[in-house]
There are 2 protein chains.
Amino acid sequence: MKVKLEDVAKAAGVSPTTVSRVLNNRGYISELTKKKVEDAIEELDYYPNDVARSLFKKRTNFIGLIVPTVSNPFFGELSLYIENICSSLGYKIILCNSSGQFEKEKAYSTMLIRHQVDGILVCSYNRGIDTYKYPKLPIVAIDHYLAPTIPVVGSDNYMGGKLAVQHLIDRGCLSIIHINGPLELETPTQYRRKAYEDLVDNPVTYELQFDEEDIVLSIRKILLERPETDGIFASDDLMAAACLQVARELNIQVPEQLKVIGYDGTKTTRSLLPQLTTIKQPIEEIAKTSVKKLMDMIDNSELSGPYETVLPVQLLINETT
Amino acid sequence: MKVKLEDVAKAAGVSPTTVSRVLNNRGYISELTKKKVEDAIEELDYYPNDVARSLFKKRTNFIGLIVPTVSNPFFGELSLYIENICSSLGYKIILCNSSGQFEKEKAYSTMLIRHQVDGILVCSYNRGIDTYKYPKLPIVAIDHYLAPTIPVVGSDNYMGGKLAVQHLIDRGCLSIIHINGPLELETPTQYRRKAYEDLVDNPVTYELQFDEEDIVLSIRKILLERPETDGIFASDDLMAAACLQVARELNIQVPEQLKVIGYDGTKTTRSLLPQLTTIKQPIEEIAKTSVKKLMDMIDNSELSGPYETVLPVQLLINETT
DNA sequence: GTGAAAGCGCTAACAA
DNA sequence: TTGTTAGCGCTTTCAC
């Protein structure tokens with residue numbers, strides 16, 4: 001059996017209450033008793049049971065984090081920051097990779113509620129999950145509009161799209177296409193797309209719904225069909241990389257014949273593909289802001305501050321444009 | 001207040017036990033009672049409290065996952081697979097990014113024990129964390145030797161190093177250097193390094209202890225100091241990418257003048273940098289095997305099967321060699 | 001400065 | 001087929 005508080009109490013010759021007091025630094029304890037208890041804890045290698053504690057306190061210090069997939073550089077980096085910040089505040093992260101699937105996300109949200117998480121951070125793509133309406137459950141959405149009552153933290157997608165497309169135009173592109181990826185089923189990229197459509201005369205947006213290999217195939221098809229294309233605004237850096245790969249295969253010179261701009265600008269991308277011109281999202285700021293907002297909601301049980309927070313993005317000009 | 005089992009019982013006009021039975025599909029219940037209870041659950045929007053359940057059952061279905069950082073493509077991908085598999089088995093992941101720091105990892109392991117996790121998966125780099133000795137706590141280490149009693153799952157690092165270096169030799173490299181990164185403080189890369197040192201006449205290994213920007217600087221310095229270098233075996237793909245970047249800056253032609261091989265071969269790398277020749281680790285297999293082993297330990301409370309599992313790696317030849 | 005007792009929400013003997 | 005009761009390990013009034 002695991003050693004429990006009662007065992008420590010017996011070993012120290014005091015009551016459970018006293019041990020609890022030592023553990024939580026609460027109330028008056030004599031130095032001597034404190035020492036005895038601490039020795040017993042040490043001696044028995046005792047770890048308090050946080051499940052029991054959570055049950056009593058009605059607070060778990062767990063935060064649920066729902067992302068499409070932590071293997072995507074953007075969400076991986078975001079998850080890292082979020083976890084780090086939460087950890088420094090005494091919160092733990094339950095990681096959920098929804099794959100962008102409605103059913104999965106729904107199952108995860110139910111699971112999180114049953115586990116009594118203190119709050120949920122959602123960066124996934126599905127609307128209409130009514131679990132999120134669970135009374136007084138603090139939720140912050142990242143870059144998505146989940147429901148009218150759920151606050152949103154994100155970066156300026158319209159501005160990002162505008163910066164990207166305007167940059168291509170400035171560089172002399174005359175036939176710019178826009179490529180959207182499989183993960184981007186809803187909200188945020190719509191603004192990037194809107195910016196593109198607002199700035200370009202005959203917008204052509206491709207929505208690629210497939211995975212990796214298919215993406216390369218699709219892009220090859222697109223470039224072969226539209227040889228006049230001289231600019232691509234990809235909705236994320238992975239897409240952009242696929243464009244570069246296809247261009248290499250087809251002997252299209254980048255940036256001379258074709259300019260490519262991506263989106264996200266994660267550290268991973270900047271390390272693996274430093275040539276890529278891209279729109280850099282303020283990932284750490286998004287993490288900080290969303291966690292802060294969630295903590296506010298947890299502590300005050302209501303939303304303070306703005307319903308929506310929009311953080312600035314940045315154009316990183318490199319060699320692909 | 002949250003609605004609890006008792007509320008459901010009252011609403012359905014039955015005892016708490018009966019509700020519990022319906023919830024767990026245990027024992028005999030008449031269809032009628034079952035229906036009444038289910039209606040009440042629906043009506044009240046009741047979610048069982050898994051904290052209470054865990055306390056009673058002495059089982060949380062939580063698995064702790066300790067990685068250096070989930071933002072690294074290798075660990076990001078590994079975490080995804082691990083979480084997916086665990087989720088399909090009814091387990092939840094508590095994510096811990098240790099940054100490879102001893103103190104952090106120690107704090108995380110204590111936290112996990114206090115939260116009564118059913119097991120821990122460790123892919124971090126610190127030895128001598130005595131928390132891992134906690135009685136009968138199932139632990140599986142990924143690619144690291146934590147302690148003699150903790151089983152290890154990993155890929156064949158020596159073979160990986162050998163494949164990489166032999167490939168460079170086969171391609172005609174005469175002056176091959178090896179670059180090790182900041183995250184790689186211990187075990188697994190040592191075998192890669194050993195293979196390198198076994199195969200090369202005058203091995204020169206650089207251990208870069210700094211972060212991103214410094215790495216590029218260091219590599220530039222190395223290449224300027226050793227212009228005869230015609231082959232680099234980097235200990236991971238990010239390092240390799242930094243080498244390529246420096247080569248570009250210095251106008252060194254890859255692969256003509258310099259050949260570069262990386263390590264890991266994640267999907268992210270293969271998307272962002274498909275030109276890179278690398279050693280591909282069987283990430284999904286590592287995830288499957290380590291979770292399976294952990295589940296065995298949880299269910300049988302002892303280790304079955306081999307203490308160490310070594311999975312095969314694969315040489316992916318691309319354009320940088 | 002310390003202890004006794006009740007209870008957090010749930011489950012599982014054991015009875016009925 | 002259903003209910004009564006005790007208890008998982010902890011914290012916290014309240015009493016001493």
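What you see below is based on every heavy atom in this structure, not just the backbone, and it leaves out hydrogens, waters and symmetry mates. Labels below follow one simple rule: chain letters A, B, ... track the order of the sequence lines, proteins then strands, and each chain is numbered from 1.
Within residues 4-17 of chain B, the residues approached by DNA chain D to less than 4.0 Å at the level of any non-hydrogen atom are B/V14, B/S15, B/T17, in residue-number order.
For the pair B/A52 and B/L32, both in contact range of DNA chain D, the more 5′-proximal nearest nucleotide belongs to B/L32.
For the pair B/R114 CZ and D/dG9 C1', the interatomic distance rounds to 13 Å; values are reported in whole Å. For the pair A/Y47 OH and D/dG9 P, the interatomic distance rounds to 18 Å; values are reported in whole Å. In this structure, A/F56 places its CZ atom 16 Å from P of C/dC10, rounding to the nearest Å. Counting to the nearest Å, the P atom of C/dG9 and the CZ atom of A/R53 are 18 Å from each other. Following rounding to the nearest Å, B/L23 (CG) and C/dG9 (P) show an atom-to-atom distance of 15 Å. For A/N49 and C/dC8, the CG to P distance is 18 Å, given to the nearest whole Å. The CG atom of B/D50 sits 13 Å away from the C1' atom of C/dT11 (whole-angstrom rounding). Note: CG (A/N24) to C1' (D/dT12) measures 10 Å, nearest angstrom.
With B/N49 contributing its side chain and B/V51 its backbone, the two residues share a donor-acceptor pair below 3.5 Å. Between the side chain of B/D118 and the main chain of B/T60, a donor-acceptor pair closer than 3.5 Å is present.
Checking the phosphate oxygens (OP1, OP2) of D/dC10, no side-chain nitrogen or oxygen of A/S20 falls inside 4.0 Å. Checking the phosphate oxygens (OP1, OP2) of D/dT12, a side-chain nitrogen or oxygen of A/R26 falls inside 4.0 Å. Phosphate contact (OP1/OP2 of D/dT1, side-chain N/O of B/K34, threshold under 4.0 Å): absent. Dashed line: the shortest gap from a side-chain N or O of A/S30 to OP1 or OP2 of C/dT2 is under 4.0 Å. For D/dG9, one of the phosphate oxygens OP1 or OP2 lies less than 4.0 angstrom from a side-chain nitrogen or oxygen of B/K58. OP1 or OP2 of D/dC10 has at least one side-chain nitrogen or oxygen of A/Y46 nearer than 4.0 Å.
The line from CD1 of B/I82 to CG of B/L95 is 10.5 Å long, rounded to the nearest 0.5 Å.
Within the 4.0 angstrom heavy-atom criterion, only backbone atoms of the sugar-phosphate kind lie near A/T33; the bases stay farther away.
Considering only heavy atoms from C-beta on, A/T149 stays 4.5 Å or farther from A/K133 through its side chain.
Tested against A/S124, the residues A/Q101, A/K104, A/E105 include a single side-chain hydrogen bond (donor to acceptor under 3.5 Å, both in side chains) partner, A/E105.
Between A/F62 and B/F62, the ring planes are parallel. Angles under 30° get that label, and only those over 60° would be called perpendicular.
For B/E31 and B/K35, the salt-bridge test fails: no basic side-chain N is under 4.0 Å from an acidic carboxylate O.
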